[in-house]
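Encoded as structure tokens, the structure appears first; notes follow it.
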Amino acid sequence: MKTELPKGYDPTQVEQKWFDVWEQRGDFHADENSPKPHYSIVIPPPNVTGVLHMGHALNNTLQDILCRWKRMSGYEVLWMPGMDHAGIATQNVVEKQLATENKDRHDLGREAFVERVWKWREESGGQIINQLKRLGASCDWQRERFTMDEGLSTAVREVFVSLYEDGLIYRDNRLINWCPRCHTALSDLEVEHEDKHGNLWHLRYPVQGTDQYLIVATTRPETMLGDTAVAVHPEDERYQGLIGKNVLLPLMDREIPIIADEYVDMAFGSGAVKITPAHDFNDFEIGKRHDLEFINVLDESGMINENGGSYVGMERNAARTKVVADLESQGLLEKVDNYTNAVGECYRCKTVIEPYMSKQWYVAVKPLAAEAIKAVDSGQTRIVPQQWEKTYYEWMNNIQDWCVSRQIWWGHRIPAWFCDDCGEITVSREDVSRCQYCDSSNLRQETDVLDTWFSSALWPFSTMGWPEQTKTLQKFYPTSCLVTGFDILFFWVARMMMMGIKFMDDVPFKEVYIHALVRDSHGQKMSKSKGNVIDPLTIVDEYGADAFRYTLCAFAAMGRDIKLSTDRIGGYRNFVNKLWNASRFALMNLENFEPAEDGLAGLSLSQADQWILNRYAFAAVEVNNALTNYKFNDAASILYSFTWHEFCDWYIELSKDNLYGDDIVTRQSTQMVLFTVLEGLLRMLHPILPFVTEEIWHALPGERETASIMQADYPTAALIETDATVVADMELVMDVIRAIRNVRGELDVPPGKRIKVVLDCKSESVVQAIMTGQEYIHSLARVDNLVVGVAVERPKQVSTQVTGEVEVLIPLADLINVVEEGARLNKEIEKIQKDVTFFEKKLSNEKFVANAPPHVLEKDRGKLVAAEKKLEILQQSLEKILALK
RNA sequence: AGGCACGUAGCUCAGUGGGAGAGCACUUCCCUGACACGGAAGGGGUCGGCGGUUCAAUCCCGCCCGUGCCUACCA
């Protein structure tokens, strides 16, 4: 597939073309029968309702980089893709649709509603999959899974029943987090706490049998309708006489006791707390301790129920207003303070959650967590960066039982049947029609479904066919790595650890790489409901997927926040274009070139050739190191500077004379090096820049051994041994070129002007190095007359620059301004003088000389000597220049 | 309230116990036959503040200030 490269790189067509080829050819498919060592990653399944955001883009780009790198490094790579069914979110989407038809789910009934959700899923769900493909994600798309698929549902049921049989799943009636809008229970994690400005109302409760009032403070006055006690601290002297007495609850005219409990903070407010056991988590505990009445005053929608006296039927906020107004009119409102406190909200719809009494299913997670802690502690699973281990332990050690039942319809229905005759519960892998206990057929299946995260927790093995013992599981479980953001460390990672260990008897992943979160400019987490999402696809459209990927890769190391700047993306688009044009240059100079069978062996390699091959080896080693340690940004910067600053800025320029010259042997060896380095460079870059590298790679001369660059070997080492002396000589010549350019630039020598340069060298070996590279100096420094030697005759009027062992002398002649040269020298002298002073001071410190390690001392002494020499030369030059005036 | 981070060039951010880095932006010059999404040469930072450890601190420790996130039952 040879192609002529157009002048500018246009990503759009190239990206679409190659992705189609890759996917249709099955290049991403993982073979469970492969003899190669395995490398596996399961994708953090995006919501079926999801639209690609920056977080997905980062997360999946990093996974793709790892997968492509490992694939090229000889591994059989499985990147398992899929989505979760996002119970509440998806149900909300479809309910909104229904609302536009003036219907709700109850009008349809459960079965029809679920059907409707499936229909939505087929028609509009899962857009994100195609969006991931636009990024170049090399998932094994043939294996795409969905948490509501039959296989995964079987896994969910197997796990639920097993946990139940092991006594790790139970039912209990307690306070849970209730979303009055979604009409379902939520786990603790699904409640987001946000500080909100509100009020602290101070209420006066009349004490029975006295004319005293007890002042209680509350942020939720409407809950007073359900108060069943007032609590004070047992040691609070102010209230000693009141404990045991009653207050008359205003508005309800209910007598409730004054109790003593150590939970009460004497210093806060009046030191007296109203107790509403059915509507507050603390009060719930106190209620149990003191055997109080639990009066629920709300219904499922957050409306006051029949227990709320005259407030029945009022919405909770309206009730609050009315309660406060009524208390005030009765003189029972002491005062109102401004107050800020954390209010819990539903993570799906942001409705203020309600602590609500209800019977729910729980997983007793403590025993599971203990194992999951051990697995990280023992190193079976490594969390990178390690700092996150602490967060993981912190949560795991304080873990609370997990409420897994949800009062919605879209999800895995809990496989439990209640018997109307004997009251027992039958939990079963198969649907049942008769009670296990009394054989009655009067059964009703539990209507609740499971938390979506319950099925997500099984993802690493359910996607591979569990509970069947599949070859895929044998080959690819445990997975090698999990790549995710820290925001779902608890939601997902911790739970996968627990379930993996419990059901697979092995950790779900060997390593967890936790990356930063992409936030908006205010540091806010991007989310659909906040409306602050920037669409990554518009970035892809504008800059190309490769440039976008490179940016994300370069950004990946940031602590916790990533704020994307389009300037930066533009910079990497330029980088891609640079690579493209360097490749065009190569192709133009590789006409009629056929790569030699034995590669670089036997070629007479120039200074420049050896130098670039040396730098190539360095880059190859370093980029592998970086990726091994998840240092994505290091990988990006190593490859950036090798490509641009070494290959393009230097090697291509150094090679031009040889490529344009008449010496056929030199030309051919230069071509071979140019070709070989570029070809290897493309392979090095491919994991980050899959599209452009594939395109160029196929345009190179010669035959490729594999159908795609993604199947070629990833470079790991030197292509051929290079001579360290020759490489150092090249660096020396480059320094000389830089020195000449510096003088030219500083003294405004016209760029086109060819000049005379005298190089006074300290030794014959330096002369030799320079003589070998003299053509480079002629060409890159625009020199037409070069004199090199040890103690050469020095022209009278010169500009002087010093680099290492070489004095660079440029005759002033007619081209250099004496005044400017004086200024330039003064600037240079000032710099060097600082160095000299610095090292003199350092080395005259006796303690430093006595304590510093010898190699440091040696190095600094050398630096001082070099700086002193350079200073001397520059000062002499300055004197001469001044004498000319 | 506790925990975890962060504070480095104008901007966005890397980085290390031994004389401070990148990209973009900026200044000067150049449309030299791959590339102006380019080339060459420059300018720019007492690495948040104060102490401590060390021969040596931007890096380690403590405190402070500022910012962000996570966890938490102060009504």
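First the proteins, then the strands, lettered A, B, ... as listed; each starts at 1.
Applying the 4.0 Å criterion to OP1 and OP2 of B:A75, one finds that A:Lys274 has every side-chain N and O outside that range. Contact between the side-chain N/O atoms of A:His279 and the OP1/OP2 oxygens of B:C73 is not found at any separation under 4.0 Å.
Map A:Asn341 and A:Tyr572 each onto its nearest nucleotide of RNA chain B; the residue landing nearer the 5' end is A:Tyr572.
Among the atoms of the strands shown, none is found under 4.0 Å from any heavy atom of A:Glu394. A:Val264 comes within 4.0 angstrom of a base, heavy atoms only. Residue-level contact check: A:Phe281 touches neither bases nor backbone, having no heavy atom under 4.0 Å from any strand. Within 4.0 Å (heavy atoms only), A:Thr218 reaches sugar-phosphate atoms of the nucleic acid but no base atom. A:Asp860 comes within contact range of no nucleotide atom at all, as no heavy-atom separation falls under 4.0 Å. Using a 4.0 Å heavy-atom criterion, one finds that A:Asn845 contacts the sugar-phosphate atoms exclusively. Using a 4.0 Å heavy-atom distance criterion, A:Tyr339 is classed as a sugar-phosphate-only contact. Within the nucleic acid shown, A:Ala852 comes within 4.0 Å of at least one base atom, counting heavy atoms only.
The CD-P distance, from A:Glu190 to B:U71, rounds to 13 Å in whole Å.
Rounded to the nearest Å, the gap between the P atom of B:G42 and that of B:A5 is 41 Å. Nucleotides B:C26 and B:G66 are separated by 35 Å at their P atoms, to the nearest Å.
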Can you give the donor-acceptor pairs under 3.5 Å from side chains of residues 850-862 of chain A to other protein atoms, not counting sequence neighbours?
unit_1	atom_1	unit_2	atom_2	d
A:Asn851	ND2	A:Lys847	O	2.9
A:Asp860	OD2	A:Lys842	NZ	3.0

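By the side-chain hydrogen bond (donor to acceptor under 3.5 Å, both in side chains) test, A:Asp227 pairs with A:Tyr205, A:Lys274, A:Thr276, sequence neighbours left out. In this view, A:Lys834 satisfies the salt bridge (charged side-chain N to carboxylate O under 4.0 Å, His left out) rule with no residue, not counting sequence neighbours.
The pair A:Lys827-A:Glu830 fails the salt-bridge criterion, with no side-chain N (NZ, NE, NH1 or NH2) lying under 4.0 Å from an Asp/Glu carboxylate O. Look at A:Arg289 and A:Asp261 and you find a salt bridge, because one of the NZ, NE, NH1 or NH2 atoms lies within 4.0 Å of a carboxylate O, short of that distance. A salt bridge links A:Glu334 to A:Arg204: one of the charged nitrogens lies within less than 4.0 Å of a carboxylate oxygen.
Among the nucleotides B:A41, B:A75, B:G19, the one closest to the side chain of A:Lys863 is B:G19.
Taking the six-membered ring where the residue is Trp, the centroids of A:Tyr572 and A:Tyr543 are separated by 6.0 Å or more.
Near RNA chain B, defined here as any heavy-atom distance below 4.0 Å, there are no residues from residues 194-205 of chain A.
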Q: Both distances under 3.5 Å, Watson-Crick or G-U wobble: on that basis, could you give the dot-bracket string for RNA chain B, with [ ] for crossing pairs and | for other-strand partners?
A: (((((((..((((....[..)))).(((((.......))))).....(((((..]....))))))))))))....
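Using bins of under 30°, 30° to 60° and over 60° for the plane-to-plane angle, the ring pair A:Phe575/A:Tyr640 lands in the parallel bin.
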Q. How does protein reach along nucleotides 31-39 of chain B, written 5' to 3' as B (base within reach of a heavy atom under 4.0 Å), S (only sugar-phosphate), or - (no contact)?
A. -BBBBSBSS
